[in-house]
Structures are given as structure tokens and as C-alpha cells.
Amino acid sequence: MNLFSEIRDLVLDALAQMQDEGALPADLSFDNVTVEPPRDPAHGDMATNAAMVLAKPAGRKPREIAEALAGKLGADARITSAEVAGPGFLNLRLAASVWQGIVGTILERGTDYGRSEMGRGKRVNVEYVSTNPTGPVHVGHTRGAVFGDTLASLLDYAGYEVTREYYINDGGAQVDVLARSVYLRYLEAHGREVAFEDGTYPGDYLVPVGQALKDKVGDAYVGKGEEVWLDEVRALATDAMMDLIREDLSLLGVRMDRFFSEKSLYGTGKIEAAIKDLDDKGLIYRGTLEPPKGKTPEDWEPREQTLFRSTAHGDDVDRPIMKSDGSWTYFAPDIAYHYDKISRGYDLLIDVFGADHGGYVKRMKAAVSALSDGNVPLDIKLTQLVKLWKNGEPFKMSKRAGTFVTLRDVVEQVGPDVTRFVMLTRKNDAPLDFDFDKVLEQSRENPVFYVQYAHARVMSVLRKAGDGGIDTGDATLAGADLSVLAHEAELALARKLAEWPRLVEIAARSNEPHRVALYLYELAGEFHALWNRGNDDPSLRFLQDGDAATSQAKIALARSVAVVISAGLDILGVKPAQEMR
RNA sequence: GCACCUGUAGCUCAGCUGGAUAGAGCGCUGCCCUCCGAAGGCAGAGGCCAUAGGUUCGAAUCCUAUCAGGUGCGCCA
């Protein structure tokens with residue numbers, strides 16, 4: 001359904017014909033031949049670089065090849081002109097009926113119009129959020145949550161079979177700290193004075209957990225050492241925190257397919273099995289690391305450790321997997337976790353980390369490369385910081401000052417739709433400004449509003465048409481005589497709609513969901529532009545008084561814009577607006 | 001010191017994984033609503049794509065070096 005790949009196939013057929021006729025060598029590779037929209041619309045609807053790419057290997061001049069190719073393509077009914085331009089571009093113009101046909105296709109296929117077969121038969125695992133289960137989801141994790149969730153939806157739309165996964169870090173020291181914090185709240189529930197020291201978590205959200213513990217065990221643990229209660233309190237506390245986190249995520253519309261517990265890797269032989277796999281490959285050894293140059297820690301002492309030879313798979317230094325007391329470092333269960341993911345048969349793994357974990361990327365890729373013998377690619381996407389603004393100034397967060405901003409705080413103020421969309425208006429690895437005032441503003445400056453407004457306008461047109469007795473069912477609209485959509489402004493909008501399936505594939509290939517948000521903004525821009533033309537030129541309005549047939553064709557165009565916006569917003573996890581208030 | 005990310009208009013950022021004369025929003029300048037689709041619209045000015053080399057038909061995009069900012073760097077996850 002991707003018009004661009006259809007035309008590319010047409011170009012490749014023509015090239016193959018030229019091979020048969022001896023005009024091109026038989027052993028030519030066409031991999032680099034592209035068909036894409038030219039930056040300048042004056043150059044036509046599509047341009048192919050075929051002649052330039054093939055000139056050298058074919059030993060012919062680019063313009064010669066282009067001329068011959070133009071002759072062949074001109075025979076196709078869809079192509080109205082094929083002109084050689086510049087250094088050897090072949091600029092193609094497509095018949096208006098092709099663009100009008102796009103509208104019909106959209107109305108027939110609905111929001112599936114942009115679905116791709118690109119990922120057919122491929123399974124991908126997207127791991128995201130994965131915050132420590134020690135408290136509510138912090139605003140800093142919101143971007144990763146939205147990014148990961150949207151990426152998963154995008155890949156699904158592109159035909160992949162997607163698993164959304166959350167890795168619960170419930171195996172390390174921080175859940176012990178959590179347990180001790182809950183214990184303090186438990187003592188408090190029994191009327192004791194407590195002090196939150198040693199880095200314990202003072203947040204109010206643990207008060208009910210302490211109370212719950214009291215309700216469950218009474219005063220059984222009061223005055224007892226932690227060897228008595230730690231295990232139980234830890235389990236109770238992490239369960240409570242995961243409930244809290246799930247709740248927070250659901251506020252944003254984020255739902256996981258699977259939660260994977262780090263703890264489940266301990267005492268089950270899973271870590272040992274993963275390390276053994278590396279050991280069998282000769283990648284585990286005892287050794288001593290060099291201190292980092294230029295920044296030797298004060299207390300540096302050479303120490304012999306069990307190391308993973310990650311340098312054999314692209315890392316800069318080998319990494320320790322075991323502490324000197326014989327327990328695992330945090331890296332070991334991470335290796336085992338990814339070993340587990342690989343063994344579940346995924347064709348592609350994606351991890352979404354915060355940018356502060358950037359130093360972790362190479363070793364994780366090295367581990368996956370080693371464990372899968374280079375067969376399972378791991379793509380790690382880092383999400384940069386979000387800077388919050390309020391009343392025109394940076395909004396400082398501080399636990400001490402009590403301005404600890406959570407995901408919930410943000411969502412309750414601006415809503416899930418705005419939160420999600422805004423988080424995706426920037427590339428994942430670029431910092432993002434989140435301005436509480438601007439994201440709610442109703443102006444062109446605010447992309448959320450701008451896109452929603454476009455959709456609402458279409459809905460408004462449909463309502464008005466319905467009031468006027470015009471049938472606006474998609475099936476009826478698809479059957480309208482679309483050839484009346486002949487004005488350049490209308491065709492421009494149809495061309496933009498034709499880009500949608502291609503955009504989906506590009507975004508999915510590069511794992512960049514923000515492209516969807518940007519595309520929707522552009523599409524909305526084209527739509528509003530056409531709408532505005534209707535101010536000066538009544539013949540461009542969607543509703544034509546007394547002419548139901550023409551109205552239906554124009555409504556069909558508007559409706560197909562709404563369909564594509566809906567499809568795009570659905571990927572972003574945003575509900576389209578029916579009307580603006 | 002090393003690694004990764006970033007550097008594009010006055011500001012905030014896109015730039016379709018190498019294409020033609022590098023785009024958008026805001027801001028700036030000038031026009032456009034007694035009424036019909038102005039929670040705006042049209043037009044214009046504004047760029048050595050951090051710098052210097054290299055690869056090639058062709059580079060903001062790829063490679064190398066340099067500069068600037070951010071992040072990270074052995075028993076914290």
C-alpha cells in the first residue's frame with residue numbers, strides 16, 4: 001500500500017527490461033535505487049536516483065540511462081511525465097487519479113491504511129520504564145515510558161509481533177533500603193518516633209504500606225532485628241510499589257505485556273547458566289582492571305575480579321561480573337535477563353534507558369552479541385532529560401523542598417494525551433522542554449492542539465454535512481466521484497496522505513516514533529492550509545451548497561485526513577478530539 | 001584521560017538513515033476580518049549547517065582531527 005514502493009517496483013521492472021535488452025549490464029545491483037518525494041515540489045511528485053547510482057557500474061552516462069528509463073516509465077498510465085533533471089535525476093509526475101485513488105484507499109482500509117508488512121514474522125521485545133520498585137514513577141521516567149510504549153505501538157503497526165516488557169530491579173540493595181523504610185513506617189504506625197536516616201526513603205507513599213504491614217502482622221516485628229522481618233517486608237513492599245507503578249503507568253495509558261523480576265534470576269541457576277554460556281565461549285576470566293585514566297579514585301587499589309571479556313564484542317574495557325565477596329554485580333543478572341530474552345526467540349531486542357545510563361550501552365550490546373553469537377541485534381535507545389517550565393521559569397525539583405514531581409503530578413495537571421504527545425515532539429536523544437503553560441495553549445505553537453484541531457474540524461464538517469442530509473458513511477464517501485478533487489491544494493493534501501505508509505516504515509526502521517508526531521503536525525498544517533484557502537475561494541470549501549456529489553468528494557478528502565490522524569494518534573496513544581472547547 | 005550523545009536562522013528545533021536552491025514554529029517587517037470558515041491568513045527579511053580536512057557524480061547527513069556543551073567511567077542498580 002506504499003505508493004512509493006509501488007513506483008519503485010515500477011522503476012525496477014523498467015531497469016530489468018533494459019537489462020534484457022542489453023542496455024544495462026546483467027549483474028547490476030539495484031539496492032541503492034530510491035524513489036522518494038523531492039524536497040522541492042516543483043521537481044514533481046517523485047524522483048528516482050536510478051540513473052546516477054547506476055551510471056558508474058554500468059559504464060554509461062547518467063543522463064543517457066535516465067532518458068532511456070524515462071521512455072519506459074512514460075508508458076505506464078499512472079505516470080504523466082518523466083523528466084530528466086539536474087545531474088541525472090528522473091522526476092516523475094503522477095496522474096491526478098493516482099492521488100485521488102489514495103483517498104478512496106484510505107476510506108476503504110480505514111486506520112489500517114498505513115499498516116506495513118515490514119515486520120511480518122518478526123518478533124521484537126521492547127523493554128522500557130524498568131524503574132526501581134522503590135516509589136512512584138518520577139517525571140524523569142515519563143519520557144522513557146511514553147517513548148517505549150509508542151515505539152512498541154509503532155512496531156506493531158509496522159507488522160512486528162511486539163512484547164512490551166518491564167524489568168523489575170527487585171534483587172539489589174535498594175529494595176532492602178525500601179524494606180527498612182517501610183519498617184520505619186510500620187513502627188510509626190505503632191506510635192513510635194522514627195528518623196529516616198541512612199538514605200532511607202522518607203516519602204509519604206510508604207505510610208499506607210507500613211500500615212498494611214501492621215494490619216497484617218500486628219506488633220510481631222516491633223523491636224525485632226531485620227533478620228526476622230526483612231524478607232517478608234521486602235516482598236510486601238515491592239509488591240505494593242509495583243501496584244503503585246502499574247497504577248501510575250495506567251494513568252498514561254502504558255500497559256506492559258510482561259513484568260520480569262530480577263529476583264527470579266537468583267537462586268534458580270539462571271545467572272549461572274548465562275555466565276557459563278559466556279565461559280564456554282572463553283569470555284570469562286580472572287583479572288585486574290586498569291584504573292580509569294585521568295580520574296583515578298582516591299581509594300583505588302588493584303583488585304583481581306571475575307571479568308567478562310566484553311572487549312571481544314566492541315566494548316572499551318572488560319567488565320566485572322562478580323564482587324570481591326563472591327556475590328554478583330548488577331551486570332550479571334542483566335546478562336542473565338537478556339540471555340532469557342534471547343532464549344525466548346526474539347529477532348530483535350530494544351532497551352530504552354535514560355541518558356544517564358549511556359555508559360552501560362556498549363557492555364550490554366557486547367553481552368547480547370556474545371550470548372546470541374551476533375544473531376540477535378540489540379538496539380538501545382536513550383531518552384534525554386526533560387526540563388520542566390512553569391510561569392516562564394525552570395521548575396526546580398527537590399525531594400527536600402517537597403517539590404518531588406511525579407508522573408502522576410504531570411498527568412493530573414495536563415492530561416495523558418498532552419503529556420504523551422509533547423514527550424514525542426523531540427528526538428529521543430535531544431533534551432526536551434516541557435512547559436506546563438504552553439502545552440495547554442490553544443495556538444499553532446502547540447502541536448498537540450494543532451493536530452487535534454485539524455481532526456475536530458473534520459468532525460465538524462461531517463456533523464454539518466449530516467445535518468444537511470448528506471450521507472457521510474465511509475463506504476458512501478469511498479464511492480464518490482473523486483475526480484472533482486482536481487485543485488492543486490487538494491492534490492497537495494492527498495500527496496501528504498500518500499506519504500503516511502512510507503513514514504511509518506521509516507520511523508519503524510529507525511526506531512524513531514517522534515517522526516509520527518512530526519508528520520501529524522505537517523499533515524494538520526496541510527489540512528489547515530486547505531481550510532484557509534476556503535476563506536478566499538469558496539470552491540475549495542468542503543461543503544458545497546446544493547451539490548451533494550461534489551461535497552461528498554471533498555468530505556471524503558477531509559475524512560481521510562481524519563482517518564490518518566486517528567491512526568497516527570493511536571500509535572502515540574492519544575485520543576483524537578471530536579470538537580474543541 | 002577515555003567512551004557515548006549533542007552542535008543547523010535571533011530563540012526552540014525538524015531535516016525522510018548520501019540527493020537538486022537546507023525547512024517549520026516563535027520573534028521581527030509589511031499587508032488582510034462592517035458579512036459569508038480569522039481560537040487566524042498572506043508576503044518578506046534572516047544560514048560560512050561549530051571548525052578543518054577526507055570519501056563521491058553529489059555531504060547538514062558518512063570518515064578523521066579539533067573546538068564547545070551534556071552524560072557516564074572497578075565490589076550503586
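A, B, ... follow the sequence lines: proteins, then strands. Residue 1 opens every chain.
The existence of a salt bridge linking A/Asp176 and A/Arg234 is confirmed by a sub-4.0 Å separation between a basic side-chain nitrogen and an acidic carboxylate oxygen. Checked for salt-bridge contact, A/Arg495 and A/Asp45 meet the test: a charged N lies under 4.0 Å from a carboxylate O. Using a 4.0 Å cut-off between a side-chain N of Lys or Arg and a carboxylate O of Asp or Glu, A/Asp467 and A/Arg463 do not qualify as a salt bridge. A salt bridge links A/Lys496 to A/Glu522: one of the charged nitrogens lies within less than 4.0 Å of a carboxylate oxygen. Salt bridge A/Glu127/A/Lys341: present, at least one basic N to carboxylate O contact under 4.0 Å.
Residue A/Glu262 is classed as a sugar-phosphate contact, given heavy-atom separations below 4.0 Å to backbone atoms only. A/Ser510 comes within contact range of no nucleotide atom at all, as no heavy-atom separation falls under 4.0 Å. Base engagement by A/Phe542 is indicated by at least one non-hydrogen atom pair under 4.0 Å involving a base atom. Here A/Asn49 lies in heavy-atom contact (under 4.0 Å) with a base. Within the nucleic acid shown, A/Val53 comes within 4.0 Å of at least one base atom, counting heavy atoms only. When heavy atoms are screened at a 4.0 angstrom cut-off, A/Arg515 is found touching the sugar-phosphate backbone but no base atom. Counting any heavy atom pair closer than 4.0 Å across all strands shown, A/Glu301 reaches a base atom. Within 4.0 Å of A/Ala355, counting heavy atoms only, lie sugar-phosphate atoms of the nucleic acid but no base atom. Residue contacts for A/Pro447: at a heavy-atom cut-off of 4.0 Å it reaches no nucleic acid atom on any strand shown. The residue A/Met322 sits apart from the nucleic acid: no heavy atom pair falls under 4.0 Å. Within 4.0 Å of A/Tyr453, counting heavy atoms only, lies at least one base atom of the nucleic acid. A/Ala85 comes within 4.0 angstrom of a base, heavy atoms only.
Set against B/U17, B/A20, B/G15, the side chain of A/Lys427 has B/G15 as its closest nucleotide. Between B/C5, B/C57, B/C16, one nucleotide has an atom nearer to the side chain of A/Asp429 than all others, and that is B/C5. Comparing B/A3, B/C16, B/C75 against the side chain of A/Asp316 picks out B/A3 as the nearest. The side chain of A/Asn532 sits closest to B/G40 out of B/C75, B/G40, B/G72. Considering only side-chain atoms of A/Pro37, the nucleotide from B/C16, B/A39, B/G74 that sits closest is B/C16. Nearest nucleotide to the side chain of A/Pro320, out of B/G74, B/A14, B/G19: B/G74. When distances are taken from the side chain of A/Lys362 to each of B/G19, B/C4, B/A77, the shortest belongs to B/C4. Among the nucleotides B/A39, B/A20, B/U56, the one closest to the side chain of A/Lys56 is B/U56. Which of B/A14, B/A20, B/A39 sits closest to the side chain of A/Gln442 comes down to B/A39. Ranking B/C75, B/U17, B/C16 by closeness to the A/Ile506 side chain, first place goes to B/C16.
As a whole-Å value, the separation of A/Gln452 CD from B/A39 C1' is 15 Å. Atom-to-atom, CG of A/Leu503 to C1' of B/G15 comes out at 13 Å; the value is rounded to the nearest Å. Straight-line distance from the CG atom of A/Leu54 to the C1' atom of B/G19: 15 Å, rounded to whole Å. The nearest whole Å value for the distance from the NE2 atom in A/His528 to the P atom in B/A39 is 11 Å. In this structure, CE of A/Met52 is placed 14 Å from C1' of B/A59, rounded to the nearest angstrom. A/Tyr521 has its OH atom 7 Å from the P atom of B/C26, to the nearest Å. In this structure, CZ of A/Phe449 is placed 8 Å from P of B/A39, rounded to the nearest angstrom.
On the C1' atoms, B/C26 is 29 Å away from B/U71, given to the nearest whole Å. Remark: the separation of the C1' atoms in B/C33 and B/G40 is 10 Å, to the nearest Å. Comparing the same atom, P, in B/C49 and in B/G10 gives a spacing of 12 Å after rounding to whole Å. With both ends at atom P, the span from B/A9 to B/A60 equals 15 Å, rounded to whole Å. Here, B/U66 and B/G74 have their C1' atoms 31 Å apart, quoted to the whole Å. The same atom, C1', is picked in B/G15 and in B/A59; the two are 14 Å apart, to the nearest Å. Rounded to the nearest Å, the gap between the C1' atom of B/G27 and that of B/U12 is 11 Å. One C1' atom belongs to B/A14, the other to B/U8, and the distance between them is 10 Å to the nearest Å.
Of the possible donor and acceptor atoms, one in the side chain of A/His338 sits under 3.5 Å from a partner among the backbone N and O of A/Asp334.
Two residues, A/Arg541 and A/Thr34, neighbour RNA chain B, and the one matched to the more 5' nucleotide by heavy-atom proximity is A/Thr34. Toward the 5′ end of RNA chain B lies the nearest nucleotide of A/Ala47, the other residue of the pair A/Tyr360 and A/Ala47 mapping further downstream.
Look at A/Lys381 and you won't find any side-chain N or O under 4.0 angstrom from OP1 or OP2 of B/C4. At the phosphate of B/A14, neither OP1 nor OP2 sits under 4.0 Å from any side-chain N or O atom of A/Tyr519.
Base pairing of B/C42: its partner is B/G30, meeting the Watson-Crick or G-U wobble criterion (both donor-acceptor distances under 3.5 Å). With a cut-off of 3.5 Å on both Watson-Crick or G-U wobble distances, the partner of B/A65 is given as B/U51. With a cut-off of 3.5 Å on both pairing distances, the Watson-Crick or G-U wobble partner of B/A3 is B/U71. Of all nucleotides present, none satisfies the Watson-Crick or G-U wobble test against B/A14 with each distance under 3.5 Å.
Among the candidates A/Leu572, A/Val146, A/Thr142, the single residue satisfying the side chain to side chain contact (heavy atoms under 4.5 Å, CB included) test with A/Arg420 is A/Val146.
For B/A20, its base sits under 3.5 Å from the side chain of A/Asn91 at one donor and acceptor pair at least. Residue-to-nucleotide contacts include no donor-acceptor pair under 3.5 Å from the side chain of A/Arg39 to the base of B/C16.
Under the 30°/60° scheme for interplanar angles, the aromatic rings of A/Tyr167 and A/Tyr337 are found to lie parallel.
In textbook terms, a nucleotide whose glycosidic angle is within 90° of 0 is syn, while B/C49, being further out, is anti.
By the neighbour-count criterion of 12 heavy atoms within 6.0 Å, atom CZ of A/Arg533 is sparsely surrounded, having that number or fewer from other residues, nucleotides or ligands.
Where stacking is scored as ring centres under 5.5 Å apart with planes under 30°, A/His43 registers as stacked on the base of B/A20.
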